[in-house]
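Just so it is clear: chains get the letters A, B, ... in the order the sequence lines come, proteins before strands, and each one is counted from 1.
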Amino acid sequence: MRRSRAFIPTTKEAPSDASLASHIYLSRAGFISQVASGLYSYMPLAKRVIKKIENIINEEMVKAGAEEVELSFVTPASLWQESGRIEKFGKELLRFCDRKENLFVLGPTHEEMMVDMVRNRVTSYKQLPINLYQIKTKFRDEARPRFGLMRGREFIMKDGYSFHSSVADMDREFDAMEAAYKTILTRLGLDFRIVEADSGAIGGNGSKELMVIAGSGEDTIAVCSKCEYGANVEAAKRSGRAAIPEAPVAEFNKFKTPNVKSIEDLEDFFKVDGYYTMKCVAKRAVYEDDSEVVLFFVRGCDTLQEVKAQNATGALDIVDVSEEELRELGLIPGFIGPLEQGCAKHVIDTDLRDAKSIICGANEEGYHFVNVDMSVMSEAYYADIAAVNEGDCCPHCNGTLTFTKGIEVGHIFKLGTTYSAALKAEFLDENGKAQPFVMGTYGMGVSRLVAAVIEQHHDEQGCIWTKATAPYMVNIMISNIKEDSQVELGEELYAKLQAAHVEVMLDDRKERFGFKMNDAELIGFPYTIIIGKELENGLVQIFERKTKESTSVSKDDVFSKIIDLI
RNA sequence: CGGGGUGUAGCUCAGUAUGGUUAGAGUACCUGGUUUGGGACCAGGGGGCCGAAGGUUCGAGUCCUUUCACCCCGACCA
């Protein structure tokens, strides 16, 4: 492409509302254009990057034996009623009626549509397994779209769905998809971790997220310093703390502790580490029809992980409760403990099972119990509800866990029969018995990947595309188009590189050197061939965007040098 | 969905407190000339329903009412 003919509207200034690097540079470099909140148009450069990512996904999916399909974007609301998700998704579903007053929904994901397509067509275990995927625009009417392509309302997603006759076969496919996703992200040139995740409302007992490591990521992930273990903090586990402080020595007793309400107060009052205190976090668990107050107990040095807490109760949601509500139940905020107290349901963190030397509230204004042995409460309900802390021990080895931020670019689920059962999608097994399909689902955010590449690869000058994602691999910059020899060499190289199927841009604009260089750096071509002053000596420069280093090479060697580099 | 903020040229923003000529700057764009290794310079030029609707006033970008859009913090996010 000739830069003089290309539609690449670069600007010196970013839109005032952009804060994230990817948002700023993709806007400034002329990749994307905002149309409305969470809606973006892809201009030519972005379209090229998207196609490259899609091609890599397609190649790896074909290798893994999946077949590409395309389902309609407009989906009948009746399918969503059938699965029950019309309520669950709520306002995120964009609904509208056609001229005949039939209700439709713009597809935010396509489980229902895919199951509907397969059901009654695949009817025998002999036809299984199958794995179908598509790369398609999705629409979710997010309450708060933000960060450019990172969290748009309209976005491109690769979504795949597999159908199996057994859980074992689904597990096999899940592993195969994890491997394929790993290959895709590696090929894209990204630093990433595959981490254990919370499966959320979708259920199932296995879900992994693909996290691109970037400081601007919205998710916090815990990773092990020694082994491969990594998990979203919502789901991270631990085997304990690296250093356990010395236990306080005391007899079991009820102790007068006036105005000692917080964990800090307790630590001060008893001169004891928070590890030996017990914290109560009261929440209201909301179920489909009713709700109740649940008391969550964790060590004083830990914090409650709300997603884990919600999973432990099976609630649809957990919300805060006021002190008044607690007092109405007979609970005394600041002095709530699990012993001798039956006002509300308890969930105790597993780390407190059989714990010794614990100080906890005595359920009486101004009193705490000291030296509690938790083995007296062995019948209570224990669950993993505490958030892991940095420095905690890895659940798989003796390494320590550290935190890092990640961008969720993919999420794969072992779905099981959730959707097939709801939509009555069944096959006949070897015994002629009807069974719902066992399913897996595999999502990858294509447009979000575009942003993730830039979040991970940029500098003050702009974008730094990886070789696999670059809209053009090589930019030929003619420094001064009034110099015929420069133009001549530029044209010659342009033709030769094109003939060699290299994606090449020829900057043939009547602009000054600095202007064109800044532009090239902003866009982020991996390599720029600078044809300029040194041509008098038969030399041109190859500028590498990543390192910002340029090396002089003879004009006769530049073609083969470039071919070697890319 | 709660809290806050902003809408003036393609873009980034002044101007609004205290109403008063033809609404400004930078940048981008067009013409001509000079310049050509890090977003050049000179000269000339085009471009605005001041988010929208209604109101107050002799007079509204500025005051009042309504409304829409966008952004930020939080909640939410298979």
Side-chain angles (χ1 to χ4, degrees), chain A residues 9-20 23-24 27-28 30 33-39 80 83-93 107-112 114 138 140-148 150-153 155 157 159 161 197-204 207 209 218-219 232 234 306-307 310 316-320 408 410-415 418-419 422 439-443 445 448 461-462 477-483 486-487 509-522 528 530-536 539-541 543 548 550 552:
Chain A
T10 57
T11 60
K12 217 182 237 182
E13 281 174 293
S16 54
D17 45 49
S19 57
L20 228 55
H23 191 188
I24 292 169
S27 302
R28 280 193 53 205
S33 153
Q34 181 170 11
V35 182
S37 179
L39 305 181
W80 297 86
S83 72
R85 284 212 288 184
I86 197 146
E87 286 89 19
K88 208 175 274 179
F89 259 105
K91 287 190 172 173
E92 263 186 49
L93 291 181
T109 172
H110 274 137
E111 280 82 7
E112 284 83 353
M114 195 65 84
K138 301 286 186 288
R140 295 180 191 179
D141 202 354
E142 293 263 2
R144 192 177 159 217
R146 59 188 119 173
F147 303 145
M150 202 65 89
R151 183 174 289 283
R153 291 193 291 173
F155 58 98
M157 182 165 89
D159 49 324
Y161 309 86
D198 174 58
S199 337
I202 199 162
S207 132
E209 288 169 337
E218 293 188 79
D219 290 277
N232 193 308
E234 294 175 354
E306 295 208 8
V307 173
Q310 185 181 338
L316 295 176
D317 196 10
I318 58 170
V319 296
D320 291 343
E408 181 191 344
H411 200 160
I412 57 178
F413 287 90
K414 294 181 181 180
L415 267 188
T418 316
Y419 292 90
M439 294 178 61
T441 183
Y442 319 99
R448 183 178 283 184
Q461 265 61 242
M477 192 190 87
I478 299 169
S479 183
N480 182 357
I481 62 158
K482 286 191 176 166
E483 293 286 339
Q486 291 184 15
V487 174
R509 292 174 299 173
K510 181 183 175 295
E511 293 289 352
R512 293 163 65 92
F513 178 85
F515 183 90
K516 290 186 185 181
M517 274 307 284
N518 281 326
D519 207 52
E521 285 175 341
L522 176 61
T528 292
I530 301 168
I531 302 173
K533 287 200 300 202
E534 290 289 303
L535 186 57
E536 293 171 14
L539 295 174
V540 299
Q541 282 71 46
F543 172 84
K548 291 171 83 175
S550 44
S552 286

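- Contact annotation: A:Lys510 does not reach the phosphate of B:U36 (side-chain N/O to OP1 or OP2, under 4.0 Å).
- When all heavy atoms of A:Pro145 and A:Glu142 are compared, the pair lying nearest together is CD-O, 3.6 Å.
- Comparing B:G39, B:C70, B:C77 by their nearest atom to the side chain of A:Ala36 picks out B:C70.
- Distances from the side chain of A:His411 to the nucleotides B:U27, B:G37, B:A78 place B:A78 closest.
- The distance from atom CG of A:Asp141 to atom P of B:C76 is 18 Å, rounded to the nearest whole Å.
- Using a 4.0 Å heavy-atom cutoff across all strands shown, A:Pro15 reaches sugar-phosphate atoms only and no base atom.
- Out of B:C11, B:C77, B:C71, the shortest distance to the side chain of A:Glu13 is found at B:C11.
- In this structure, A:Met477 reaches neither bases nor backbone, as no heavy-atom distance under 4.0 Å exists between it and the strands shown.
- Residue A:Lys91 qualifies as open at atom NZ: its count of foreign heavy atoms under 6.0 Å is 12 or below.
- With A:Lys510 as reference, A:Ile481 is the one residue of A:Ile478, A:Asn480, A:Ile481 to meet the side chain to side chain contact (heavy atoms under 4.5 Å, CB included) rule.
- One N or O donor and one acceptor, one from the side chain of A:Lys482 and one from the base of B:U36, sit under 3.5 Å apart.
- Checking B:G38, B:C70, B:G37 against the side-chain heavy atoms of A:Asn518 singles out B:G38 as nearest.
- Looking at heavy atoms from C-beta onward, A:Tyr419 lies out of side-chain contact with A:Met114 at the 4.5 angstrom threshold.
- Nearest nucleotide to the side chain of A:Asn480, out of B:U36, B:G38, B:C77: B:U36.
- For A:Gln461 and B:G38, the shortest distance from a side-chain N or O to OP1 or OP2 is not below 4.0 Å.
- Candidate nucleotides B:A78, B:U36, B:G38 were compared by shortest atom distance to the side chain of A:Arg85, and B:A78 ranks first.
- Remark: B:U62 base-pairs with no nucleotide; criterion is Watson-Crick or G-U wobble with both hydrogen-bond distances under 3.5 Å.
- The side chain of A:Thr11 places no N or O atom within less than 4.0 Å of a non-bridging phosphate oxygen (OP1 or OP2) of B:G10.
- Note on A:Gln541: a base of the nucleic acid sits closer than 4.0 angstrom, heavy atoms only.
- Of the candidate nucleotides B:C71, B:A78, B:C77, B:C77 has the atom nearest to the side chain of A:Glu92.
- Between the side-chain ring of A:Phe515 and the base of B:G39, no stacking contact exists by the 5.5 Å and 30° definition.
- The NZ-C1' distance, from A:Lys12 to B:A40, rounds to 10 Å in whole Å.
- If you take CZ of A:Arg151 and C1' of B:C77, they are 5 Å apart, rounded to a whole angstrom.
- With hydrogens and angles left out, the side chain of A:Arg509 and the base of B:G39 share no donor-acceptor pair within 3.5 Å.
- Base pairing of B:U56: no nucleotide in any strand meets the Watson-Crick or G-U wobble criterion (both distances under 3.5 Å).
- In terms of polar N and O atoms assigned as donor or acceptor, the side chain of A:Glu521 comes within less than 3.5 Å of the base of B:G38 in a complementary pairing.
- The backbone N or O of A:Ser37 lies less than 3.5 Å from a partner atom in the side chain of A:Arg153, making a donor-acceptor pair.
- For A:Phe413, whose side chain is taken as the heavy atoms from C-beta onward, the closest listed nucleotide among B:A78, B:G38, B:G37 is B:A78.
- Nucleotide B:U16 forms no Watson-Crick or G-U wobble pair with any nucleotide shown, as no partner meets the under 3.5 Å limit on both distances.
- Considering only the side chain of A:Arg144, B:G74 comes nearest among B:U12, B:A78, B:G74.
- At a threshold of 4.0 angstrom between heavy atoms, the contacts of A:Thr109 include nucleobase atoms, whether or not backbone atoms are also involved.
- Nucleotide B:A78 has no partner under the Watson-Crick or G-U criteria, as no pair reaches both atom distances under 3.5 Å.
- B:G44 is paired with B:C30 under the Watson-Crick or G-U wobble criterion, all donor-acceptor distances under 3.5 Å.
- Phosphate contact (OP1/OP2 of B:C71, side-chain N/O of A:Ser16, threshold under 4.0 Å): absent.
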